[in-house]
Amino acid sequence: MCKSVAENDSQNSQLILDAIAALKDQPGALLPILHKIQNSLNFVPETAIPLIAKALNLSNADVHGVVSFYHHFRHTKPGVHVIQICRAESCQSMGAKALEQHARQILEIDYHQTTDDGQFTLEPVYCLGNCACSPSVRVADEIYSDMNTQKFDELLKNLHSRSTKVEAL
Amino acid sequence: MSIKVYVPRDTTANARGANEVALMIEQTAYQKDVDINVVRTSSRGLYWLEPLIEVDTEKGRVAFGPVSAADVNSLFEQQFYAGQEEHELCQGLTEEIPFLKNQQRLTFARAGITEPLSLDDYTAHDGFKGLQNALKISSQQIVDQIKNSGLRGRGGAAFPTGIKWQTVLDAPAEQKYIVCNADEGDSGTFSDRMILEGDPFVLIEGMCIAGLAVGATQGYIYIRSEYPLANEVFAQAIELAQNAGYLGNNLCGSDKTFHLQLRMGAGAYICGEETSLLESLEGKRGMVRVKPPLPAIEGLFGQPTVVNNVISLASVPIIMHQGADAYEHYGLGRSRGTLPLQLTGNIKQAGLVELAFGSTLRELLDTFGLATRTGNKMRAVQVGGPLGAYLPESLWELPLDYEAFAQAGAVLGHGGIVVFDDTINMTEMARYAMEFCAIESCGKCTPCRIGSTRGVELIDKIIDPLQLSQREAHLQLLDDLCDTLEDGSLCAMGGMTPFPVRSAMKYFAQDMEKFND
Ligand SMILES: Cc1cc2nc3c(=O)[nH]c(=O)nc-3n(C[C@H](O)[C@H](O)[C@H](O)COP(=O)(O)O)c2cc1C
Ligand code: SF4
């Protein structure tokens with residue numbers, strides 16, 4: 001059963017308030033707070049901004065400016081699986097361009113977009129420190145090495161079956 | 001006594017299946033009733049052989065790799081755990097593998113040998129000896145040792161570490177800080193990650209010594225968010241060190257204090273630049289600051305701050321343990337000690353190569369890397385990250401030395417080496433360098449913020465077959481734009497983007513033609 005939007009929203013704001021309360025007294029607390037929120041929700045909702053601003057005695061624009069500066073923070077809810085493809089030089093030397101083209105084609109989305117079924121979000125990333133075994137892809141905290149189009153398709157299949165299993169529970 | 005089998009726990013080893021291999025070994029040992037204890041070490045840095053598993057024998061550790069879960073059964077059948085070397089994946093004694101044997105491992109002395117989070121293992125392998133020595137002498141004496149070692153910053157700018165520390169020591173302040181730059185954003189680098197995941201206590205020890213040297217009681221480490229395992233392992237290492245008295249008040253029973261906190265980056269390459277990093281730690285946008293004031297005078301929260309790279313700080317314990325002379329003994333000219341190079345990209349034997357300064361790039365490529373992974377001809381090598389020049393074969397005789405590289409219009413940077421084969425189009429790489437600058441610019445300077453986008457557009461025009469007649473004019477404009485970037489940028493992001501652009505366009509000019517049909 002899906003939870004109602006209102007229920008989700010109030011859950012989120014409790015989570016956001018908890019993150020703020022736990023971290024706001026640290027020096028330079030803003031990034032740790034944003035990380036904690038994104039860790040739980042997979043993005044930083046617009047509603048978090050005034051709450052953080054108030055707690056840290058900043059303007060909404062200040063907080064918004066920080067959130068938008070860093071590529072890591074998302075402004076909208078991503079798909080179930082966020083797939084990050086490394087675009088940096090080492091991965092390019094081993095065919096990352098063909099890989100990203102394939103990923104876009106097969107998922108029918110561009111970077112920063114989510115598939116219609118809400119399963120996959122595609123993001124670029126610039127180096128995962130796995131350059132000895134390029135090309136690299138990251139999903140959640142897993143890094144995948146020596147990627148090619150075939151392995152990418154297998155990965156998609158595995159991720160897909162993982163989420164359908166969860167739904168079936 | 002159970003037999004120890006070592007399986008690395010490291011981002012790349014895991015990406016290649018080390019976790020599955022470890023599990024399979026445990027299961028098979030149980031089924032076959034062999035008493036095996038799987039020890040998760042870190043990687044030796046011989047990445048093309050990962051997962052590389054090792055077993056103790058009387059002669060030393062014997063290696064098998066690259067092992068997949070599917071190989072485990074046959075390994076058992078051939079009794080690999082008894083040190084039998086018949087299996088086709090056997091590489092013989094690990095220490096005798098030429099790729100490893102021909103290195104000078106100082107900073108990475110423990111890589112792949114110890115259990116990263118075992119304090120017992122760390123102390124049994126010379127851990128905390130440098131700190132013990134540092135606790136016995138004055139701040140000035142520590143700084144002098146670092147100066148005498150000749151250590152220069154391994155983060156890219158190669159500034160003498162001892163001189164930086166002296167500035168902070170001499171700056172009077174209530175509160176000073178040690179900041180470790182673990183933002184390692186350069187493509188083709190992972191040496192910081194290997195320390196964070198594989199030998200975290202050496203970095204904690206180095207930061208403690210830095211604190212003692214300059215009188216700083218608080219440290220921060222800024223680890224990039226692209227390194228989930230490094231963040232996890234290092235957070236655990238901090239906790240363990242704290243509980244054992246290697247961090248906090250009364251450091252090792254002395255009256256000294258050093259606290260350390262981990263902060264995670266958020267996917268901005270520019271936050272590797274030290275002042276941008278400080279802004280980020282303060283909870284702001286990572287806008288680069290105008291220097292002066294230097295961070296050593298007015299750094300984090302306006303206080304005197306040492307900002308050092310992971311490798312710089314991780315090299316401090318061995319200097320304090322074995323003495324400045326022992327370290328300074330390695331190297332060439334003003335480049336002293338060792339540099340952990342990272343062989344990456346399209347290269348057969350990719351991995352970490354810690355060498356004394358002075359070998360040539362070609363030696364590194366030929367004797368360590370061997371050939372490309374694809375089997376094609378090696379064509380271009382980018383050294384020093386995305387702001388480093390692309391070097392054609394005619395420049396591979398360059399010795400690995402900061403000054404020699406600078407003279408050739410190149411940089412050693414953080415020691416990243418990305419190899420490309422002859423299928424690469426270097427004009428596209430020039431375009432990418434401009435694109436990367438546009439994506440990662442902090443936005444403070446117009447040439448960097450806007451010029452980089454103009455650069456992408458210009459290269460698009462240069463390769464447009466319909467604008468062939470104007471190519472010369474466009475190339476001239478690109479050259480002027482590079483001048484503007486070099487002259488009008490506050491930091492090396494804008495200031496050095498012309499390095500890869502110009503070198504790619506100059507040494508590989510024929511690649512422009514490939515777009516004609
Ligand atoms: C765009 C840019 C990115 C940088 N990225 C890093 C980095 O990821 N890690 C690092 O240690 N230094 C980086 N640096 C260099 C730092 O500004 C600084 O010189 C270094 O952290 C000082 O430490 P060291 O003296 O130990 O090298 C970067 C510099 C620039 C201009
Ligand atoms: S050169 Fe670019 S990254 Fe550096 S300060 Fe200027 S705008 Fe920021």
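Protein chains get the first letters and strands the later ones, always in sequence-line order, with residue 1 at the start of each. These numbers were taken from a predicted model, which means no experiment stands behind them.
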Answer key: most heavy-atom pairs under 4.5 Å with chain A among Ile347(B), Ile439(B), Thr423(B), Asp186(B) is Ile439(B)

Honestly, the part of Pro27(A) sitting under 4.5 Å from a heavy atom of chain B is both

Where does Thr372(B) contact chain A at under 4.5 Å (heavy atoms): side chain, backbone, both or neither? neither

Asp146(A) backbone acceptor or donor facing Lys151(A) side chain under 3.5 Å: yes

Winner by heavy-atom pair count (cut-off under 4.5 Å) against chain B, out of Ser136(A), Gly65(A), Ala29(A), Ala140(A): Gly65(A)

Under 4.5 Å from any heavy atom of chain A - which part of Cys442(B): both

Heavy-atom pairs under 4.5 Å with chain A - which of Met264(B), Met194(B), Gln342(B), Glu50(B) has more of them than the others? Met264(B)

Flag the one option from Gln38(A), Met94(A), Gln26(A) with the top tally of heavy-atom pairs under 4.5 Å to chain B. Met94(A)

Region of Tyr432(B) in contact with chain A, defined by heavy-atom distances below 4.5 Å: side chain

For Ser68(A), is it the side chain, the backbone, both, or neither that has a heavy atom closer than 4.5 Å to a heavy atom of chain B? side chain

Met429(B), part contacting chain A, at a heavy-atom distance under 4.5 Å: side chain

Chain A: which of Gly385(B), Pro500(B), Ala266(B) shares the most heavy-atom pairs with it under 4.5 Å? Ala266(B)

Quick check: does any side chain N or O of Ser276(B) sit under 3.5 Å from a backbone N or O of Gly286(B), one acting as donor and the other as acceptor? yes

Of Gly351(B), Ala268(B), Pro386(B), the largest count of non-hydrogen pairs under 4.5 angstrom with chain A goes to Pro386(B)

Carefully, step by step, assess Thr275(B) and Glu273(B) under the rule side-chain hydrogen bond (donor to acceptor under 3.5 Å, both in side chains). CA-CA 6 Å; Thr275(B) 62; Glu273(B) 195 283 333; 2.6 Å; yes

Ion pair Glu123(A)/Arg74(A), N-O distance below 4.0 Å: yes

What orientation do Tyr47(B) and Phe190(B) show, parallel under 30°, tilted 30 to 60°, or perpendicular over 60°? perpendicular

Do the side chain of His35(A) and the main chain of Gly265(B) share a donor and acceptor less than 3.5 angstrom apart? yes

So what's closer than 4.5 Å to chain A heavy atoms on Glu435(B): side chain, backbone, both or neither? side chain

side-chain hydrogen bond (donor to acceptor under 3.5 Å, both in side chains) for Tyr227(B) and Glu184(B)? Distances and angles first, verdict last. CA-CA 9 Å; Tyr227(B) 283 180; Glu184(B) 194 164 58; 2.7 Å; yes

Modelled atom types, side-chain donor and acceptor of His75(A) and Glu46(A), under 3.5 Å: no

Counting heavy-atom pairs under 4.5 Å with chain A, which one of Ala350(B), Ser187(B), Gly267(B), Gly185(B) comes out on top? Ser187(B)

Pairs of heavy atoms under 4.5 Å with chain A: top-ranked of Lys284(B), Arg193(B), Arg263(B), Gln261(B): Arg263(B)

Okay, Val125(A) and chain B: the region with an atom under 4.5 Å from a heavy atom over there is side chain

Given a strict heavy-atom distance threshold of 4.5 Å, which part of Gln382(B) is in contact with chain A: side chain, backbone, both, or neither? side chain

Looking at Tyr269(B) versus Phe436(B), is the centre-to-centre ring distance below 6.0 Å? yes

Taking every non-hydrogen pair under 4.5 Å, which of His72(A), Gln84(A), Arg138(A), Glu89(A) racks up the most with chain B? Glu89(A)

Would you mind checking if Lys97(A) and Glu428(B) are paired as a salt bridge, meaning a charged N to carboxylate O distance below 4.0 Å? yes

Tell me, for Glu232(B) versus chain A, whether the close heavy atoms (under 4.5 Å) come from the side chain, the backbone, both or neither. neither

Side chain, backbone, both or neither: which part of Ser225(B) has a non-hydrogen atom closer than 4.5 Å to chain A? both

Arg104(A)/Asp110(A) salt bridge by N-O under 4.0 Å criterion: yes

Need one label for Asn14(B): side chain, backbone, both or neither, based on atoms under 4.5 Å from any heavy atom in chain A. neither

Please determine whether side-chain contact (heavy atoms from CB on, under 4.5 Å) holds for the pair Leu387(B) and Phe499(B), giving the CA-CA distance in whole Å, both sets of side-chain angles, and the decisive distance to 0.1 Å. CA-CA 6 Å; Leu387(B) 307 175; Phe499(B) 278 38; 5.9 Å; no

Give a yes or no on whether the ring-centroid distance for Phe420(B) and Tyr390(B) is below 6.0 angstrom. yes

